[in-house]
Amino acid sequence: AGVVLRHSSIHRTRREPSEVRTTPRAHAAIRKDTRRGSRGAVASSSVDPTRPGNQHRALAPPTWRSKLGEPFQRVNCMKILLIRFSSLGDVILTTPLVRALRAAYPNAELHFATRPAFAPILASNPRLDRVLTLQGSDASALARFAKTLRAQHYDHVLDLHGTLRARALRVLVPGPRWRTYPKASLRRRLMVRFPGWARWKDDVVVPVPERYFGAARALDVRPDGLPPEVFPTDEARAAAERAPAGAGDAADETIVAIAPGARHRTKCWPEERWAELAREIVDRGERPVLLGGPEDAPLARRIADAAPG
């Protein structure tokens, strides 16, 4: 069965199945845009929607509007791209949105664009259909990447980064509906420079994973209250199993991983807090294991010295 277009008099009806009939004006827009290969609100179908008596049952369809302003509903053909180029923690914090999109649109194609260094954290995510990587940082690399994105014919692009590079892609890939999220950059700077500002303002701080949902407001998805998720590859699981054994740990020992490093100082928890946490883990009879890159080694050593054992 091919993709079916449906017209509905109710805008943004997505959850409940219904039988609907297209209008003559809608048929004209469908035929015109299908001949032109438009991605805006139409797609070809193996069922002729202009034939009298044809009614099609909606299966959790998202609603679209044609160029005539009339609402449509489309099934099984939506392609969504999420963009977050860095960094590791921020990429992981996008996974609640990925999970919500997959639950709301089980037949959509979900793609994710990021840097090659962070692609492995997404490669095994069963909710994603494809992970694309931006190779290089110069203008030519961005142009090549934009060409790749244009070839995908996305319906929605969710910019979860909001950087100059992502904004340039919006110009280079003009077809889809681009949406971003409220970064609250000024508020964040004030909170870093003046720690008491948030208490004085009595603001409610929205967690980053929930702020990302602002980019998907047109898709009517909501946070499910569950945490971010990571799906390790088989190779990563095997390496994790080998690492403690190589260090001579007992098979039944409980290991607690701690990753104290961050790229920016303002994202770092105070070193003495990490040391206190490590000591509490040791007191419980468990073993803390410090993780990080080469740049985190000095910090990890100081924490380990403060929590012997």
Side-chain angles (χ1 to χ4, degrees), residues 38-41 62 64-65 67 78-101 105 108-119 121-122 125 127-193 205-221 223 228 262-267:
S38 170
R39 305 183 307 278
W64 307 80
R65 288 192 178 274
K67 293 182 172 117
M78 186 161 59
K79 293 183 73 171
I80 303 172
L81 173 68
L82 299 91
I83 296 178
R84 181 75 208 196
F85 291 123
S86 63
S87 290
L88 179 63
D90 296 304
V91 171
I92 293 174
L93 291 178
T94 66
T95 57
L97 176 56
V98 173
R99 182 172 60 235
L101 289 169
Y105 302 95
E109 279 194 54
L110 298 184
H111 295 188
F112 201 109
T114 189
R115 286 287 190 179
F118 311 112
I121 205 68
L122 300 168
N125 191 322
R127 312 185 199 285
L128 291 172
D129 296 292
R130 185 178 180 185
V131 176
L132 301 98
T133 57
L134 172 60
Q135 307 282 343
S137 300
D138 56 2
S140 61
L142 193 65
R144 290 191 300 270
F145 192 61
K147 182 179 180 180
T148 300
L149 299 186
R150 288 195 299 270
Q152 294 298 316
H153 304 301
Y154 292 110
D155 300 293
H156 287 272
V157 178
L158 309 183
D159 178 8
L160 307 180
H161 210 153
T163 60
L164 182 61
R165 184 176 291 108
R167 292 170 187 166
L169 281 175
R170 182 179 295 213
V171 176
L172 296 172
V173 188
R177 296 169 175 85
W178 283 75
R179 297 288 187 273
T180 188
Y181 75 105
K183 296 187 70 171
S185 300
L186 177 59
R187 178 182 298 181
R188 287 161 48 199
R189 292 190 182 97
L190 288 171
M191 291 177 67
V192 170
R193 294 183 176 273
V205 178
V206 179
V208 172
E210 294 184 13
R211 288 213 306 268
Y212 286 148
F213 278 77
R217 55 190 175 273
L219 295 171
D220 193 26
V221 291
R263 175 167 296 184
H264 303 288
R265 182 185 60 81
T266 54
K267 294 185 177 182

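Residue numbers start at 1 and run along the sequence shown.
- Under the rule for a salt bridge (charged side-chain N to carboxylate O under 4.0 Å, His left out), Asp159 has no partner lying at least two apart in sequence or in another chain.
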Salt bridge (Lys or Arg N to Asp or Glu O under 4.0 Å) between Asp90 and Arg263, intermediate numbers included: CA-CA 12 Å; Asp90 296 304; Arg263 175 167 296 184; over 6 Å; no

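- With sequence neighbours left out, Leu88 forms a side-chain contact (heavy atoms from CB on, under 4.5 Å) with Ile92, Phe118, Ile121.
- Applying the side-chain contact (heavy atoms from CB on, under 4.5 Å) rule to Arg144 yields the partners Ser140, Ala141; only residues at least two apart in sequence or on another chain are considered.
- For Pro182, there are no side-chain contact (heavy atoms from CB on, under 4.5 Å) partners two or more places apart in sequence or in a different chain.
- By the ring pair (Phe, Tyr, Trp, His ring centres under 6.0 Å) test, Tyr212 is found to be paired with Tyr181, residues two or more places apart in sequence or in another chain being considered.
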Would you list the atom pairs, donor with acceptor, under 3.5 Å between side chains in residues 163-176 and any protein atom, with sequence neighbours excluded?
unit_1: Thr163; atom_1: OG1; unit_2: Ala166; atom_2: N; d: 3.4
unit_1: Arg167; atom_1: NE; unit_2: Gly162; atom_2: O; d: 3.4
unit_1: Arg167; atom_1: NH2; unit_2: Gly162; atom_2: O; d: 3.2

Leu81 vs Leu132, side chain to side chain contact (heavy atoms under 4.5 Å, CB included): CA-CA, chis, key distance, verdict: CA-CA 10 Å; Leu81 173 68; Leu132 301 98; 4.2 Å; yes

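- Partners of Thr180 by side-chain hydrogen bond (donor to acceptor under 3.5 Å, both in side chains), not counting sequence neighbours: none found.
- Taking Arg115 as the reference, Ser137 meet the side-chain hydrogen bond (donor to acceptor under 3.5 Å, both in side chains) condition, with sequence neighbours excluded.
- Applying the side-chain contact (heavy atoms from CB on, under 4.5 Å) rule to Ala119 yields the partners Thr114, Val131, Thr133; only residues at least two apart in sequence or on another chain are considered.
- The closest donor-acceptor contact from the side chain of Arg211 to the backbone of Val206 lies under 3.5 Å.
- You'll find the side chain of Ser86 reaches within 4.5 Å of the side chain of His161, heavy atoms only.
- Ring geometry, His111 versus Tyr154: the interplanar angle exceeds 60°, so the pair is classed perpendicular (tilted spans 30 to 60°).
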